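Quantities reported herein were computed from a predicted structural model and do not represent experimental measurements.
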Amino acid sequence: MATSKLQRIPSIRDRVEDTLSAHRNELVSLLSRYVGQGKGILQPHNLIDELENVIGDDTSRQKLRDGPFAEILKCAQEAIILPPYVAIAVRPRPGVWEYVRVNVYELSVEQLSISEYLSFKEELVDGEVDKNFVLEIDLEPFNASFPRPTRSSYIGNGVQFLNRHLSSIMFRNKDSLEPLLDFLRAHKFKGQAMMLNDRIPSISRLQSALAKAEDYISKLPKDESYSEFEYALQGMGFERGWGDTAERALDMMHLLSDVLQAPDPSSLEMFLGRIPMVFNVVILSVHGYFGQTNVLGLPDTGGQVVYILDQVRALENEMKLKLKQQGLDVTPRILIVTRLIPDAKGTACNQRLERVSGTEHTHILRVPFRSEKGILRKWISRFDVWPYLETFTEDAASEIAAELRGIPDLIIGNYSDGNLVASLLAHKLGVTQCTIAHALEKTKYPDSDIYWKKFEDKYHFSCQFTADLLAMNTADFIITSTYQEIAGTKNTVGQYESHTAFTLPGLYRVVHGIDVFDPKFNIVSPGADMSIYFPYSEKEKRLTALHGSIEKLLYDPEQNEEHLGSLSDHSKPMIFTMARLDRVKNVTGLVECYAKNDKLRELANLVVVAGYNDVKKSNDREEIAEIEKMHELIKKYKLDGQLRWIAAQTNRARNGELYRYIADKRGIFVQPAFYEAFGLTVVEAMTCGLPTFATCHGGPLEIIEHGVSGFHIDPYHPDQTAALMADFFQHSEKDPSTWDKISAAGLRRIEERYTWKIYSERLMTLAGVYSFWKYVSKLERRETRRYLEMFYILKYRDLVASVPLAIDGAP
């Protein structure tokens, strides 16, 4: 019988060499075309497009297109051209990279290491690089022995992998269970013992005590209050925390018995998720105007504020429910720590403490930016905050301690600045840290790493990218809204993945920054506030009293600072968008896309809610440029009569009804961003039943099932976007069920996947599981932390020192 042989999978270098052998002429022609474009970076579409221009007969060209090199190009993320060399970064699948370089003159091929590839890339900027004296950041050695999955499909399911791997190691014998016992015995709240007391000194005693307690409780009525049998359990070695009734306490004890006798990862996760561990939470959101009213649409103030306010309302409800079910009379506290801005522009951002509406125990705690010059009074851009964050952290720590009369159990950071402060606070207080990026700027600004010096005066990306590296590596766990945030798609690189390897020439070179396979990554998608955003068809809940003010917003002929432009034909459906007015949100791109398509203009009006319409009102550099562009487009394409530009709206209740009003008119919602990390407005629109067209770059690609629950659009192909919208309106006009089907499918998608109830339950479970593993394992990663402390002190602080302090009164 013939035996099959194991065959080595050919490397990228092997495939290039095979192509050189089989299609020498065609490949030389292709590579020469790349080199002919001169020194620079070629993007994936540039590489593929040139395949069509290869010299040779049709058969040879087709063979090249069907061959192994074409497959390499389809996986290529960029090519560095430095004649006579072409170096290609190849990504066969998410999280996996290879690098190859071809000398076109000598037809030689070499595989490159990450360091060699980045060194070669640096020559684009600096010419010949001194390769012997470059600071390289390499975190891989610290993680070499740490468990992690290898399949791309496991990315973002960190807690499941971690439970499987570590439980299999811990529960091999009774001795391995000691850390769990220690954790339960050490568990206290403000000095009060929980779960177990000193009467249970060993695993064997725990097992016998559990058997005795289970037998005792099983004879009680299911709804018997814990306080009725608390004294009896205390004598057996058990303290509060098992449940508020006999039924819940018995169920919890059954779970622990199962974990001790026949460990199962899902039972372990369920048990850890029910242990009372989170009583006080601190959430960091530093930049912008963080408030509840009159802030949305102000510079650097948008989806993140909405996200956090919705998050804390759901989280407080979940914390109260869990603490009640755990049988504890404890009041949970949540503090949103942000910046206090004395010149608050009519907002509450100059108030130190503000309770969050819709909650009982959640407050916004504001701490000012302070330097040797005193307290900074005015707003400053998120790109300019870096010199203030270290002092802000120290001041915030004191304020938090005063408010909570203790330390929090969980610290959650948001965005680069909030995550850095969360890292510093968590280290100072010894608390579990969660990171939420929302948006990592490196993916929003192409080539902002290699050409960082061009961006530095305006954006200070050297500080931001360094802060991001520090925060994502110190975090105990990372929450993302989508898989794409972590590892992109088959063809695009994820936000976190872009920090795996990159270079800031002249500063440092990151050869192993973050590993997207790290089990700290977890996908937990948010939802929309169901009290504000609900289907247009729920007539009894509709806020019809607001329709008068909505119609004034849309149709009032007066031209003022709240609305510009007019809609001549009120019978037309509306294309609706609502976003910050910055370059990445691409609102002006949507306006131009609409303006250039006569058919679309004939079928529908365009309604834009974004920013200010007067440049004098804005202090934000990007917003000013976008305001000017909006005015130019309206004038150039004569859009008056078909476009209504409404200034940013801060009344959330009216915004919710505005979505539904647009739905009544059989309109659509469009999110045209060049990149959107998640897409909260997409979820809001779909929750209201409004058919949604959203960017294919980022989270909306996962939220929407194309052609089923909405549509994906590519902002880089505006003509196709306009044609898709026009086609939808035409079909809906002929067959109204077309609109209805997309609307209904969008609602179903939200109910299944995107609610704050699901989010808060998952977040609490993650907090419990990672707090436990941090206690019992080496997940604290002390070696990594010491390395990162050195990086912070020796590099980050120097970079921050180069950022000028803001001056009150300066423009």
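- Sparse packing is recorded around CG of D198, with 12 or fewer heavy atoms of other residues, nucleotides or ligands lying under 6.0 Å away.
- The six-membered or imidazole ring of W773 lies away from that of F183, with a centre-to-centre distance of 6.0 Å or more.
- Under a 3.5 Å cut-off, the side chain of N197 and the backbone N or O of A193 do not form any donor-acceptor pair.
- Listed for the E230 side chain is no donor-acceptor partner under 3.5 Å among the backbone atoms of S227.
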> Passes side-chain contact (heavy atoms from CB on, under 4.5 Å), T245 versus E224? Steps please.
Replying inline: CA-CA 5 Å; T245 64; E224 182 94 316; over 6 Å; no
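- Pairs engaging residues 318-327 under the salt bridge (Lys or Arg N to Asp or Glu O under 4.0 Å) rule: D244-K324, E316-K320, E318-K757, K320-E360 [sequence neighbours left out].
- Rounding to the nearest 0.5 angstrom, the gap separating the CE atom in M686 from the CD1 atom in I742 is 9.5 Å.
- Taking the six-membered ring where tryptophan is involved, the planes of Y770 and F477 are essentially parallel, since the angle between them stays under 30° and well short of 60°.
- If you run side-chain contact (heavy atoms from CB on, under 4.5 Å) between F772 and each of I275, L184, L180, only L180 comes through.
- To the nearest 0.5 Å, atoms CZ (F229) and NZ (K219) are separated by 14.5 Å.
- A side-chain donor-acceptor contact under 3.5 Å links N419 to the backbone of I436.
- Between I400 and P408, some side-chain heavy-atom pair lies under the 4.5 Å cut-off.
- Contact of the I532 side chain with the D310 side chain is not registered, since no non-hydrogen atoms from C-beta on lie closer than 4.5 Å.
- Judged purely by atom type and a 3.5 angstrom limit, H706 uses its side chain to pair as donor or acceptor with the backbone of H712.
- The side-chain hydrogen bond (donor to acceptor under 3.5 Å, both in side chains) contacts involving residues 253-268 comprise E214-H254, E214-S257, D264-S266, D264-S267, where partners must be two or more places apart or lie in separate chains.
- Annotation for R185 and P201: closest pair NH1-CA, 3.7 Å, computed over non-hydrogen atoms.
- A donor-acceptor pair under 3.5 Å is formed between the side chain of K520 and the backbone N or O of M472.
- Taking every heavy atom of both residues into account, A209 and F238 meet most closely at O-CE1, 3.5 Å.
- For K428, the salt bridge (charged side-chain N to carboxylate O under 4.0 Å, His left out) partners at least two apart in sequence or on another chain are E394.
- Separation of atoms OG (S709) and CZ (R748) is listed at 9.0 Å; rounding is to 0.5 Å.
- Donor-acceptor pairing under 3.5 Å is recorded for the side chains of S771 and T432.
- Side-chain N or O atoms of W756 include one that pairs as donor or acceptor with a backbone N or O of G527 at under 3.5 Å.
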>> What verdict does the side-chain contact (heavy atoms from CB on, under 4.5 Å) test give for I412 and V281, after you've listed the backbone C-alpha separation in whole Å, the side-chain angles of each residue and the deciding distance to 0.1 Å?
In response: CA-CA 8 Å; I412 304 173; V281 177; 4.1 Å; yes
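- Looking at heavy atoms from C-beta onward, L256 lies in side-chain contact with L210 at the 4.5 angstrom threshold.
- Using a 30° and 60° split on the angle between ring planes, W242 and F271 fall in the tilted class, from 30° to 60°.
- In terms of heavy-atom proximity, K774 sits nearest to V431 at NZ-O, 3.2 Å.
- F189 and F279 have tilted rings, their planes meeting at an angle from 30° to 60° on a 0 to 90° scale.
- A side-chain donor-acceptor contact under 3.5 Å links Y759 and Q311.
- V683 approaches A528 most closely through the heavy-atom pair CG1-N, 3.8 Å.
- Atom-to-atom distance recorded for K188:NZ and E239:CD is 9.5 Å, nearest 0.5 angstrom.
- A donor-acceptor distance shorter than 3.5 angstrom exists from the side chain of Q326 to the backbone of R274, with no hydrogens or angles considered.
- Ion pair R762/E269 flagged as a salt bridge, since at least one NZ, NE, NH1 or NH2 atom sits closer than 4.0 Å to an Asp/Glu carboxylate oxygen.
- Side-chain contact annotation: D468 with Y496, donor-acceptor N/O pair under 3.5 Å absent.
- Contact check for D515 versus N143: no side-chain heavy atoms found under the 4.5 Å cut-off.
- Once rounded to the nearest 0.5 Å, the distance linking CD of Q495 with CD of E485 reads 5.5 Å.
- Ionic pairing of E403 and R333 is present here: one or more N-O contacts between side-chain nitrogen and carboxylate oxygen are shorter than 4.0 angstrom.
- In this model, a donor atom of one side chain and an acceptor atom of the other lie less than 3.5 Å apart for S152 and R93.
- Heavy-atom contacts from other residues, nucleotides or ligands closer than 6.0 Å to CZ of R355 number more than 12.
- Aromatic rings from Y154 and F517 are positioned such that their centres are separated by 6.0 Å or more.
- Judged by distance alone, the side chain of Q292 and the main-chain N or O of S357 form a donor-acceptor pair under 3.5 Å.
- The only option from D529, I336, T359 that meets the side-chain contact (heavy atoms from CB on, under 4.5 Å) definition with L309 turns out to be I336.
- Between the side chain of T338 and the backbone N or O of S285, at least one donor-acceptor pair lies under 3.5 Å.
- Taken to the nearest 0.5 Å, the OH atom of Y787 stands 11.0 Å off from the CG atom of L470.
- Not one N or O on the side chain of T435 forms a donor-acceptor pair closer than 3.5 Å with the backbone of A475.
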